[in-house]
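Below, all heavy atoms of this structure are taken into account, side chains as well, without hydrogens, waters or symmetry copies.
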Amino acid sequence: NLLLNIGPTKEGTIDPLQEERLLQIGKWLETNGEAIYESKPWKYQNDTVNPTVWYTSNESRQHVYAIVLKWPGRKLPLASVDPNAVQNVTVLGCSDLPQWSADSAGHTVVSMPRPEKIATNYAWTVVFHMKILE
């Protein structure tokens with residue numbers, strides 16, 4: 001849920017700063033809406049290794065979405081995603097396909113693309129195309 005306290009002025013207009021925020025949310029949803037619309041919470045709400053990652057899923061697409069709220073750097077380790085269940089990985093708003101692997105602890109580690117290659121500047125979405133969605 002997202003609560004926005006944006007209302008018109010007494011003249012019936014939207015303040016330019018509030019308008020800018022609404023447009024930014026719209027741009028983010030244009031890129032990352034797949035992780036929001038027609039999705040539901042996954043079996044894990046957020047990740048235990050990386051607490052700034054929150055999960056949603058879409059059973060019909062066999063996708064798990066990891067919404068990353070803080071830029072992780074080049075490597076994104078995730079404890080909640082079983083690397084054996086992953087078919088491939090994409091990042092919404094980026095044409096480059098990231099590499100991914102399992103580390104010695106059994107975590108899925110995604111090699112993130114450079115930030116300038118992703119269409120949004122915050123809250124990036126990593127999509128796990130699953131073999132079987134658990």
Side-chain angles (χ1 to χ4, degrees):
N1 291 328
L2 175 65
L3 173 63
L4 299 173
N5 185 11
I6 296 178
T9 64
K10 63 183 177 185
E11 293 82 20
T13 61
I14 301 288
D15 178 85
L17 185 61
Q18 293 177 344
E19 178 184 9
E20 178 186 18
R21 299 300 184 262
L22 286 171
L23 291 170
Q24 288 173 340
I25 291 169
K27 183 177 190 264
W28 187 88
L29 283 170
E30 188 177 302
T31 301
N32 297 282
E34 177 182 326
I36 305 300
Y37 302 119
E38 298 181 24
S39 72
K40 64 180 188 176
W42 190 40
K43 66 180 178 177
Y44 301 106
Q45 181 176 4
N46 70 326
D47 198 75
T48 55
V49 169
N50 199 330
T52 64
V53 174
W54 295 82
Y55 293 106
T56 62
S57 66
N58 184 308
E59 288 182 18
S60 66
R61 292 188 194 126
Q62 295 289 103
H63 291 172
V64 170
Y65 302 95
I67 302 170
V68 182
L69 301 180
K70 182 179 177 191
W71 183 252
R74 290 294 294 149
K75 301 287 183 186
L76 174 65
L78 299 169
S80 301
V81 178
D82 177 2
N84 297 315
V86 176
Q87 187 171 355
N88 62 28
V89 178
T90 58
V91 175
L92 294 180
C94 182
S95 59
D96 293 354
L97 294 177
Q99 298 294 313
W100 58 277
S101 61
D103 67 9
S104 60
H107 302 146
T108 298
V109 179
V110 178
S111 296
M112 294 295 287
R114 292 193 322 266
E116 62 271 10
K117 292 197 161 227
I118 306 173
T120 56
N121 297 325
Y122 43 86
W124 308 268
T125 303
V126 177
V127 184
F128 293 95
H129 306 258
M130 308 299 279
K131 295 173 186 171
I132 297 174
L133 187 60
E134 303 168 345

J.: CG of D82 to NE2 of H107: how many Å apart, nearest 0.5 Å?
T.: 11.5 Å

J.: Between K27 (side chain only) and A119 (backbone N and O only), is there a donor and an acceptor less than 3.5 Å apart?
T.: yes

J.: Taking the side chain as every heavy atom from C-beta outward, state whether V110 and F128 have any pair of such atoms under 4.5 Å apart.
T.: yes

J.: Do V89 and L92 sit in one hydrophobic cluster, given that two such residues count as connected whenever their side-chain heavy atoms are within less than 4.5 Å of each other, even indirectly?
T.: no

J.: Answer whether the closest heavy-atom distance between the side chains of Q24 and R21 falls below 4.5 Å.
T.: yes

J.: With a 4.5 Å limit on heavy-atom distance, are the side chains of V64 and Y44 in contact?
T.: no

J.: What distance separates T125 OG1 from W54 CH2, expressed to the nearest 0.5 Å?
T.: 14.5 Å

J.: Can you name the nearest heavy-atom pair linking A102 to P83, along with the distance?
T.: CB-CG, 3.6 Å

J.: Treat each ILVMFWY residue as a node, draw an edge where side-chain heavy atoms are under 4.5 Å apart, and state whether L76 and L97 are in one component.
T.: no

J.: So if you build clusters from Ile, Leu, Val, Met, Phe, Trp, Tyr with side-chain heavy-atom gaps below 4.5 Å, do L22 and Y122 land together?
T.: yes

J.: Just do the side chain to side chain contact (heavy atoms under 4.5 Å, CB included) check on S60 and N58 with the steps written out, would you?
T.: CA-CA 6 Å; S60 66; N58 184 308; 2.7 Å; yes

J.: I67 versus I36: any side-chain heavy-atom pair under 4.5 Å?
T.: yes

J.: Sequence neighbours left out, what pairs pass side-chain hydrogen bond (donor to acceptor under 3.5 Å, both in side chains) with at least one residue falling in residues 93-102?
T.: D96-K117

J.: Nearest 0.5 angstrom please: Q87 CD to H63 NE2, how far?
T.: 8.5 Å

J.: Do other residues, nucleotides or ligands put more than 12 heavy atoms under 6.0 Å from the CZ atom of R74?
T.: yes

J.: What are the two closest heavy atoms between V49 and A79, and how far apart are they?
T.: CG2-CB, 3.3 Å

J.: Are the side chain of W28 and the backbone N or O of A123 linked by a donor-acceptor pair below 3.5 Å?
T.: yes

J.: Are V68 and L78 in one and the same hydrophobic cluster, where Ile, Leu, Val, Met, Phe, Trp and Tyr link if side-chain heavy atoms are under 4.5 Å apart?
T.: yes

J.: For T108 and V81, which heavy atoms make the closest approach, and how far apart are they?
T.: OG1-O, 2.7 Å

J.: Is there side-chain contact between W124 and C94, with heavy atoms separated by less than 4.5 Å?
T.: no

J.: Using modelled atom types and a 3.5 Å cut-off, is there a donor and acceptor pairing between side-chain atoms of T13 and backbone atoms of T9?
T.: no

J.: Please determine whether side chain to side chain donor-acceptor pair (under 3.5 Å) holds for the pair S111 and K75, giving the CA-CA distance in whole Å, both sets of side-chain angles, and the decisive distance to 0.1 Å.
T.: CA-CA 5 Å; S111 296; K75 301 287 183 186; 2.9 Å; yes

J.: Any donor and acceptor pair, going by atom type alone, linking the side chain of T56 with main-chain N or O of A35 inside 3.5 Å?
T.: yes

J.: List the steps and the verdict of side chain to side chain donor-acceptor pair (under 3.5 Å) for Y55 and D47.
T.: CA-CA 8 Å; Y55 293 106; D47 198 75; 2.7 Å; yes

J.: Do you know which two heavy atoms are closest between W71 and P113, and how far apart they sit?
T.: CH2-O, 3.3 Å

J.: Minimum heavy-atom separation for M130 to V86, with atom names?
T.: SD-CG2, 4.1 Å

J.: Please report the closest heavy-atom contact between Q18 and N5, naming both atoms and the distance.
T.: NE2-O, 4.0 Å

J.: Is the shortest side-chain heavy-atom distance between V126 and M112 below 4.5 Å?
T.: yes

J.: To the nearest 0.5 Å, tell me how far L17 CG sits from E19 CD.
T.: 10.0 Å

J.: State which residue, out of N46, T52, T48, fulfils the side-chain hydrogen bond (donor to acceptor under 3.5 Å, both in side chains) condition with N50.
T.: T52

J.: Does atom CD (E20) have a neighbourhood of more than 12 heavy atoms from anything else shown, all under 6.0 Å?
T.: yes

J.: Say you draw a straight line from NZ of K131 to CD of Q62; how long is it, rounded to the nearest 0.5 Å?
T.: 12.5 Å

J.: Would L29 and Y37 satisfy side chain to side chain contact (heavy atoms under 4.5 Å, CB included), going step by step from the backbone distance to the final call?
T.: CA-CA 9 Å; L29 283 170; Y37 302 119; 3.4 Å; yes

